[in-house]
Amino acid sequence: MLVKTRFAPSPTGFLHVGGARTALFSWLYARHCGGKFVLRIEDTDRERSTQPAIDAIIDSMKWLNLNWDEGPYYQTKRFDRYREVIDKLLAEGKAYKCYCSKERLEKMREDQMKAGLKPRYDGHCRDDHSEHDPSEPYVIRFRNPDDGTVAFDDMVKGHVEFKNSELDDFIIQRSDGTPTYNFCVVVDDWDMGITHVIRGDDHVNNTPRQINLYKALGAPVPVFCHLAMILGDDGAKLSKRHGAVSVMQYREDGYLPEALINYLVRLGWSHGDQEIFTREEMINLFTLDAITKSASGFNTKKLDWLNAHYMKTMPSSEVAKELVWHLNRLGLTDLSQGPNPEDVVKNYAERTHTLKEMAQKALCYYQDFEDYDKAAVKKWIKDGSVDILKDALESLKALDSWDALVIDKTLEDLAKRCEVGMGKVGQPLRVAITGTAMSPGIGDTMVLAGRERVLARIERAIAHFGA
RNA sequence: GUUCCCAUCGUCUAAUGGUUAGGACAUCACCCUUUCACGGUGGUAAUACGGGUUCGAAUCCCGUUGGGAACGCCA
């Protein structure tokens, strides 16, 4: 059997990490099985679906490198097909027109709640339509079985069973003639040959209704796999106040897609004690039975750790591409006035956790900075610092090769000569060159900044602090 | 309210009846060190509770508590 999975977001907002994890698991399972992965946009709610949301979802999927084999399909382009299926259901008596007013429905729900019952449609329009003028507005409901149970063996939750008496005749077509979610998913998954439905567990309660529809349609019922939700850092439901929730926000915050993917794959899935997975390993090892049942909380610190790991271990040319994107975002478009971004990556990968941070720190190698960091100045610019800067300036000017090791050696000699520790030499220079007390080894820092810029900045610092 | 789902260190998780309950992130201590980091070594830290079943339970069953989801002419 050819395995086919799908990711079917509704374009009512950006792609958040929960959705991304669902997409990842669906994608991984398809790839693991050598099957197909489908992207489908569930936009039947025309009020809330937007083009920017569609774009954001697609951009996110591309950035995460979750490629799809089919689609994107749009439900709004399949209305003819839905109509056809509804007509068939209607003709077979498996669906019916309902003329109940929203007021009646609302009152019924209220009464049922008050009586301690689960609100459900009472089947008022099931059989008798004689009192209604066919021109009245109506919705179409699916005739759910009255007796027995619906059960399914979820790949994550295990055996789940519902009584049909708990379910009701849900609406499959609105009064404006458009079909609804619970109906469209079934028709789509059937038409598209989806074998495994991997989705959030907020859909568990929809599943029995959908299974009844599959059966009424004579369609094969797919395997279901319901993923527990992802919570915020604080254990509460993910929301805007958690800062980054959208995938593209993580990009803006300086994370690599590789890191986010690796982080997400371990959220609700595991393979022994392994934490780091290449794409190939994920694909090879990913199975549905290793998915956790319980909800998991998002832990930004661990993401940071993974991001740092990937910044350090990925080819610097790859990381540099993403770094350039961040430098551009900071308004730096001309990189010709500074070092090769790859060299920035090599020097900063192990001293920063995000590319955003790296880009900010690297800015001083491309353009002049305004102010010196106050704390750094206070701590490191002391009596004698200016003299050391002057001394260093002369020694550096005399060098005929601008090499990190040579520079380090020169400054070490200077420290010895002046009978001070390297801290009193390296730190004032660091402040002079970067404006801060934090940078790579002083020789590497100077190579990144370049000879001319270094000499100019030392002179500037001498003038500034010597006054 | 009704139905469904869930429950191992702070967090992500391992252990599918027998382990001193393991790993990772975070945290703490020490080492390394010209800054910031990286790295290394070690430590603190968990089976929600109560009953069963069993020679033996984190693991199986029941209950309690706690959390979550669904109950729309949203998806």
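Below, read A as the first sequence line, B as the second, and so on, with proteins coming before strands; counting in each chain starts at 1.
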Enquirer: How many whole angstroms separate atom CG of A:Asp202 from atom P of B:A70?
Expert: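 After rounding, the gap between these two atoms is 6 Å.
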Enquirer: Would you call the rings of A:Phe277 and A:His271 parallel, tilted or perpendicular, taking 30° and 60° as the class edges?
Expert: perpendicular
Enquirer: State the pairing partner of B:C49; accept Watson-Crick or G-U wobble contacts with both distances under 3.5 Å, and report none otherwise.
Expert: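 For B:C49, the partner nucleotide comes out as B:G63, under the 3.5 Å rule.
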Enquirer: What interatomic distance, in whole Å, is found between P of B:A7 and the corresponding atom of B:U13?
Expert: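 After rounding to an integer number of Å, I get 11 Å for this pair.
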Enquirer: Taking pairing as Watson-Crick or G-U wobble with both contacts under 3.5 Å, can you name the mate of B:A57, or confirm there isn't one?
Expert: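 In the structure as shown, B:A57 has no Watson-Crick or wobble partner.
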Enquirer: Counting only side-chain nitrogens and oxygens, does A:Thr44 get under 4.0 Å of the OP1 or OP2 atom of B:A75?
Expert: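 Yes, such a contact exists.
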Enquirer: Taking the side chain from A:Thr445 and the backbone from A:Pro440, do they hold a donor-acceptor pair closer than 3.5 Å?
Expert: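 Yes, because the side chain of A:Thr445 sits within donor-acceptor range (under 3.5 Å) of the backbone of A:Pro440.
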Enquirer: For B:A46 and B:G63, measure between their P atoms and round to the nearest Å.
Expert: 29 Å
Enquirer: Expressed in angstrom and rounded to an integer, what is the separation of A:Ile291 atom CD1 from B:C6 atom P?
Expert: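 Between P of B:C6 and CD1 of A:Ile291: 14 Å.
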Enquirer: Tell me which of A:Thr180 and A:Glu161 sits closer to the 5' end of RNA chain B, going by the nucleotide each one is nearest to.
Expert: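 Residue closer to the 5' terminus by nearest nucleotide: A:Glu161.
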Enquirer: Taking only the side-chain heavy atoms of A:Val204 (C-beta and beyond), determine which of B:C4, B:C71, B:A75 contains the nearest atom.
Expert: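 For the A:Val204 side chain, the nearest candidate turns out to be B:C4.
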Enquirer: For A:Arg460 and A:Phe369, work out which heavy atoms get closest and say how close.
Expert: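 What the structure gives for the nearest pair is NH2-O, 3.0 Å.
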Enquirer: Rounded to whole Å, how long is the line connecting atom OH of A:Tyr181 with atom C1' of B:A70?
Expert: 12 Å
Enquirer: Please tell me if A:Thr292 has a side-chain N or O lying less than 4.0 Å from either OP1 or OP2 of B:U13.
Expert: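 For B:U13, OP1 or OP2 has a side-chain N or O of A:Thr292 closer than 4.0 Å.
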Enquirer: Please state the C1' separation for the pair B:U3 and B:A58 - nearest whole angstrom.
Expert: 29 Å
Enquirer: Could you state the interatomic distance from CD (A:Glu258) to OG1 (A:Thr313), rounded to the nearest 0.5 Å?
Expert: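 Here the interatomic distance stands at 9.5 Å.
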Enquirer: Counting C-beta onward and ignoring hydrogens, is there a side-chain heavy-atom pair between A:Thr178 and A:Phe79 closer than 4.5 Å?
Expert: yes
Enquirer: Starting at atom CZ of A:Phe162, determine the distance to atom C1' of B:C71, rounded to an integer number of angstrom.
Expert: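 So the CZ-C1' distance, A:Phe162 to B:C71, works out to 11 Å.
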Enquirer: Using the C1' atom as the point on both nucleotides, what is the distance between B:C28 and B:C9, in whole Å?
Expert: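 Roughly 15 Å separates the two C1' atoms.
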Enquirer: Applying a 4.0 Å non-hydrogen cut-off, can you work out what A:Leu267 is touching in the nucleic acid: base, sugar-phosphate, or nothing?
Expert: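 Touches sugar-phosphate only.
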Enquirer: What does A:Glu275 touch in the nucleic acid at a heavy-atom separation under 4.0 angstrom: a base, only the sugar-phosphate, or nothing?
Expert: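 Here A:Glu275 touches the bases of the nucleic acid.
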Enquirer: With both distances under 3.5 Å as the test, what is the Watson-Crick or G-U wobble partner of B:C25?
Expert: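 Base-paired to B:G10.
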Enquirer: Between the side-chain atoms of A:Asn206 and the base atoms of B:A75, is any donor-acceptor pair under 3.5 Å?
Expert: yes
Enquirer: Give, for atom CD of A:Gln360 and atom OG1 of A:Thr352, the distance between the pair rounded to the nearest 0.5 Å.
Expert: 10.5 Å
Enquirer: Looking only at atom C1', what distance separates B:C6 and B:C31, rounded to whole Å?
Expert: 44 Å
Enquirer: When you check the side-chain N and O atoms of A:Asp153 and A:His159, is any donor under 3.5 Å from an acceptor?
Expert: yes
Enquirer: Measure the shortest side-chain to side-chain distance between A:Leu396 and A:Trp402 over non-hydrogen atoms and say whether it is less than 4.5 angstrom.
Expert: yes
Enquirer: Which of residues 102-112 of chain A sit near RNA chain B, with a heavy atom under 4.0 Å from it?
Expert: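 Going residue by residue through residues 102-112 of chain A, the ones with a heavy atom under 4.0 Å of RNA chain B turn out to be A:Lys102, A:Arg109.
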Enquirer: Are A:Tyr263 and A:Tyr255 near enough that their ring centres are under 6.0 Å apart?
Expert: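 No, ring centres 6.0 Å or more apart.
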Enquirer: If I pick the P atom on B:A70 and the same atom on B:A75, what distance separates them, to the nearest angstrom?
Expert: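 Straight-line distance between the two P atoms is 14 Å.
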Enquirer: Parallel, tilted or perpendicular: which describes the rings of A:Phe170 and A:Phe142, with under 30° parallel and over 60° perpendicular?
Expert: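 Plane angle between 30° and 60°, so tilted.
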Enquirer: In whole Å, measure the gap between the P atoms of B:G23 and B:C61 for me.
Expert: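 Pairwise P distance, B:G23 against B:C61, rounds to 29 Å.
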Enquirer: Could you check whether A:Ser296 gets within reach of a base, just the sugar-phosphate, or nothing at all, counting any heavy atom under 4.0 Å?
Expert: sugar-phosphate
Enquirer: Under 3.5 Å for both donor-acceptor distances, Watson-Crick or wobble: does B:U34 have a partner, and if so which one?
Expert: none
Enquirer: What is the distance from CG of A:Asn164 to C1' of B:C71, rounded to the nearest Å?
Expert: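 So the two atoms are 16 Å apart, to the nearest Å.
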Enquirer: Do we see a donor-acceptor contact under 3.5 Å between the side chains of A:Thr434 and A:Thr436?
Expert: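 Present: a donor and an acceptor within the cut-off.
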Enquirer: Could you check how far CG of A:Asp233 sits from C1' of B:C25, rounded to whole Å?
Expert: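 Rounding to the nearest Å, CG of A:Asp233 and C1' of B:C25 are 12 Å apart.
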Enquirer: In the strands shown, is B:G1 matched to any nucleotide by a Watson-Crick or G-U wobble pair with both distances under 3.5 Å, and which?
Expert: B:C71
Enquirer: Determine if the base of B:C38 is syn or anti; take syn to mean the glycosidic torsion is within 90° of 0.
Expert: syn
Enquirer: Determine whether A:Met314 and A:Val345 make a side-chain contact, defined as any pair of heavy atoms from C-beta on separated by less than 4.5 Å.
Expert: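 The answer is no, as the side chains (C-beta and beyond) never meet within the 4.5 Å cut-off.
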Enquirer: Would you mind building the protein contact string for nucleotides 26-42 of chain B? One character per nucleotide, 5' to 3', B for base within reach (heavy atoms under 4.0 Å), S for sugar-phosphate only, - for untouched.
Expert: S-------BBBBSS---
Enquirer: Round to the nearest Å and state the distance from A:Arg199 atom CZ to B:A69 atom P.
Expert: 17 Å
Enquirer: Indicate whether OP1 or OP2 belonging to B:C12 is found under 4.0 Å from a side-chain N or O atom of A:Ser270.
Expert: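 No, outside the criterion.
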Enquirer: Using a heavy-atom cut-off of under 4.0 Å over every strand shown, decide if A:His203 touches base, sugar-phosphate, or nothing.
Expert: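 A:His203: base contact, heavy atoms under 4.0 Å.
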Enquirer: Taking B:A15 as the reference, what is the distance to B:U59 when you measure between their C1' atoms (whole Å, please)?
Expert: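 The answer is 9 Å between these two C1' atoms.
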Enquirer: Expressed as a whole number of angstroms, how long is the span from A:Tyr121:OH to B:U3:C1'?
Expert: 21 Å
